Amino acid sequence: MCVPLVGKLPNVGTVVNSKMRNLLKMSDQLAEFAQRLTAVINERGGMSAVAAGAEVPLSTLGRYVRADSEPSAFRLAAIARFCGVTVEQ
């Protein structure tokens, strides 16, 4: 008698739905971050001022504000330091 190496496999739809929920949750978190970042940037003189002061390319800062990408820990720390805010996890 053959013994299966893998138990019952999950329904493909269940796996896909779970991954979609995780992606949407991450997307919501990134959008929330982008909103907070935009508020801080506006308080600190705008995109050009923050990009120059934090030594982050303006185009990169723009991607963070549009929630197209998230900053590395290094870049996040540089932006926070220049803006006089803390980085909370």
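The figures that follow rest on heavy atoms only: side chains count, while hydrogens, waters and symmetry mates do not. What you are looking at is a predicted structure, and each value in this text was computed from that prediction instead of being measured.
Note on V40 and V87: separate hydrophobic clusters, where clusters join Ile, Leu, Val, Met, Phe, Trp and Tyr whose side-chain heavy atoms are under 4.5 Å apart, directly or indirectly. Transitive grouping of hydrophobic side chains (ILVMFWY, heavy atoms separated by less than 4.5 Å) keeps F82 and V85 in distinct clusters.
Residue Q35 holds its CD atom at 10.5 Å from CG of L30, rounded to the nearest 0.5 Å.
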Name the atoms and distances for all side-chain donor-acceptor pairs under 3.5 Å in residues 44-54, with sequence neighbours left out.
{"unit_1": "R44", "atom_1": "NE", "unit_2": "C83", "atom_2": "O", "d": "2.4"}
{"unit_1": "R44", "atom_1": "NH2", "unit_2": "C83", "atom_2": "O", "d": "2.7"}

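Between F33 and L76, the closest side-chain pair of non-hydrogen atoms falls below 4.5 Å. Between I79 and L61, the closest side-chain pair of non-hydrogen atoms falls below 4.5 Å.
Residues passing the side-chain contact (heavy atoms from CB on, under 4.5 Å) test with S72 are F74, R75, sequence neighbours excluded. Shown here are the side-chain contact (heavy atoms from CB on, under 4.5 Å) partners of R66, two or more places apart in sequence or in another chain: R63, D68.
With hydrogens and angles ignored, the 3.5 Å screen pairs a side-chain donor or acceptor of T38 with a backbone N or O of A34.
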